[in-house]
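Step one of this worksheet: look at the structure below.
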Amino acid sequence: MGIISVEQADHLYWLGRYTERVYTTLRFYSKSFDEMIDETIDSYQKFCESIDIPNIYASKEDFISRYPFDAQNPDSIISNLNRAYDNAIVLRESIGSEALSYIQLAMYDMNKAALSSSPLIELQYIMDHILSFWGIADDQIDSEQIRNMIKAGKRIERIDLYARLGVSGKELIREVCRMVPRVERSGLHYDTAKLEEIKGLVEHPVLDYYKIVSNVEAVI
């Protein structure tokens, strides 16, 4: 593969971020779906606050139905999947048709889930297809730099979301150890000082989630 343009690098980075955003938000949404139905105190407000999206929902039922499927809402899961697809389609020559097909399958399952009275099965298929996309990208994309650009975006997005959602320091350390070499080998312009600060922040006994998010957002 020849020189990667700035525009192409941007698409690869955001393909990684958006596929991860869909995967992780779906995972947490699916995990709490049954709890939200049965709970007496609405917890969706806290979820919206933690991932920094406006709470535009009238009730937990409204959140359950609209957060995944409202294409008019720029913060919905389907909107982020659409952005992943938009980046993937212009990268067809770089990532290959087979990798692209898994993003297309995820789109198909999202549309099926939106029409279903019990959407969790289709939502699980979306996560499975994103996992398959990442696996095919590893197997089929010859350019290590392209793979690293996608994975740098993926790992940065995961740490961003995990910090917002308040996961444990052990999980954050694990993800930072995966993220750092991908960023360093990606060829993307990154802030070395921010990278070092993130490593220190996740190892601190008292986690400052706000600082972790601020630094990871400023790495690239």
Side-chain angles (χ1 to χ4, degrees), residues 14-88 99 101-137 150-151 153-168 170-172 174-175 178-179 209 213:
W14 283 104
L15 175 59
R17 290 202 65 158
Y18 283 127
T19 51
E20 176 60 37
R21 190 173 302 177
V22 171
Y23 179 80
T24 292
T25 52
L26 259 180
R27 190 161 67 85
F28 277 87
Y29 171 87
S30 298
K31 184 178 178 182
S32 59
F33 183 87
D34 290 333
E35 296 172 5
M36 283 188 186
I37 290 175
D38 296 332
E39 69 189 3
T40 55
I41 299 173
D42 292 346
S43 62
Y44 72 90
Q45 297 100 325
K46 184 178 179 182
F47 181 88
C48 293
E49 183 180 347
S50 65
I51 62 172
D52 196 25
I53 62 173
N55 179 9
I56 60 171
Y57 308 101
S59 64
K60 66 184 178 186
E61 291 80 13
D62 189 39
F63 173 81
I64 286 170
S65 65
R66 288 178 56 207
Y67 174 61
F69 308 122
D70 183 2
Q72 303 307 310
N73 174 8
D75 298 305
S76 67
I77 297 175
I78 193 171
S79 291
N80 286 312
L81 182 56
N82 284 335
R83 293 185 192 106
Y85 176 76
D86 289 344
N87 281 282
S101 71
Y102 282 105
I103 304 295
Q104 292 171 322
L105 285 169
M107 294 278 292
Y108 172 76
D109 288 324
M110 178 62 84
N111 292 328
K112 278 186 66 178
L115 299 174
S116 174
S117 58
S118 303
L120 287 186
I121 293 175
E122 286 83 4
L123 294 179
Q124 179 61 56
Y125 289 156
I126 295 167
M127 290 188 282
D128 292 345
H129 286 134
I130 290 175
L131 289 171
S132 296
F133 162 74
W134 289 332
I136 285 293
I150 295 171
K151 289 184 178 181
K154 169 186 171 180
R155 295 298 175 191
I156 284 172
E157 184 68 25
R158 181 169 293 187
I159 293 165
D160 187 323
L161 287 170
Y162 276 22
R164 292 177 189 274
L165 293 163
V167 304
S168 69
K170 182 178 179 181
E171 287 181 272
L172 285 171
R174 179 172 178 262
E175 294 304 330
R178 291 175 162 188
M179 180 265 288
Y209 290 110
V213 170

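Throughout, numbering of the chain's residues begins at 1 and tracks the sequence.
- In this structure, OG in S30 is found 5.5 Å from CG in L120, a value given to the nearest 0.5 Å.
- Not counting sequence neighbours, the partners of K151 by the salt bridge (Lys or Arg N to Asp or Glu O under 4.0 Å) test are D138.
- Evaluation of the ring pair (Phe, Tyr, Trp, His ring centres under 6.0 Å) test over residues 52-88, restricted to residues two or more places apart or in two chains, returns Y44-F63, F47-F63, F47-Y67, Y57-F63, F63-Y67.
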Which pairs of donor and acceptor atoms, one on a side chain in residues 123-130, lie under 3.5 Å apart (sequence neighbours left out)?
{"from": "Q124", "atom 1": "NE2", "to": "D128", "atom 2": "OD1", "distance (Å)": "2.9"}
{"from": "H129", "atom 1": "ND1", "to": "D109", "atom 2": "OD2", "distance (Å)": "2.9"}
{"from": "H129", "atom 1": "ND1", "to": "Y125", "atom 2": "O", "distance (Å)": "3.1"}

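- S101 meets the side-chain contact (heavy atoms from CB on, under 4.5 Å) test with E98, Q104; sequence neighbours excluded.
- S79 meets the side-chain contact (heavy atoms from CB on, under 4.5 Å) test with S76, R83; sequence neighbours excluded.
- Under the side-chain contact (heavy atoms from CB on, under 4.5 Å) criterion, A99 pairs with I95, F133, I136, sequence neighbours left out.
- A ring-centre distance under 6.0 Å is not found for Y102 and W134.
- Two residues are said to be in side-chain contact when any heavy atoms from C-beta on lie closer than 4.5 Å; E49 and N55 fail this criterion.
- By the side-chain contact (heavy atoms from CB on, under 4.5 Å) test, S168 is found to be paired with K170, E171, residues two or more places apart in sequence or in another chain being considered.
- Annotation: salt bridge (Lys or Arg N to Asp or Glu O under 4.0 Å) contacts of E122 (sequence neighbours excluded): none.
- Scanning both residues, S50 and L165, for their nearest heavy atoms gives OG-CD2, 3.5 Å.
- By the salt bridge (Lys or Arg N to Asp or Glu O under 4.0 Å) test, R21 is found to be paired with E157, residues two or more places apart in sequence or in another chain being considered.
- Taking the side chain to side chain donor-acceptor pair (under 3.5 Å) definition, one finds that Y162 meets it with R27, sequence neighbours left out.
- A salt bridge (Lys or Arg N to Asp or Glu O under 4.0 Å) check over residues 61-81, counting only residues at least two apart or in different chains, returns the pairs D62-R66, R66-D70.
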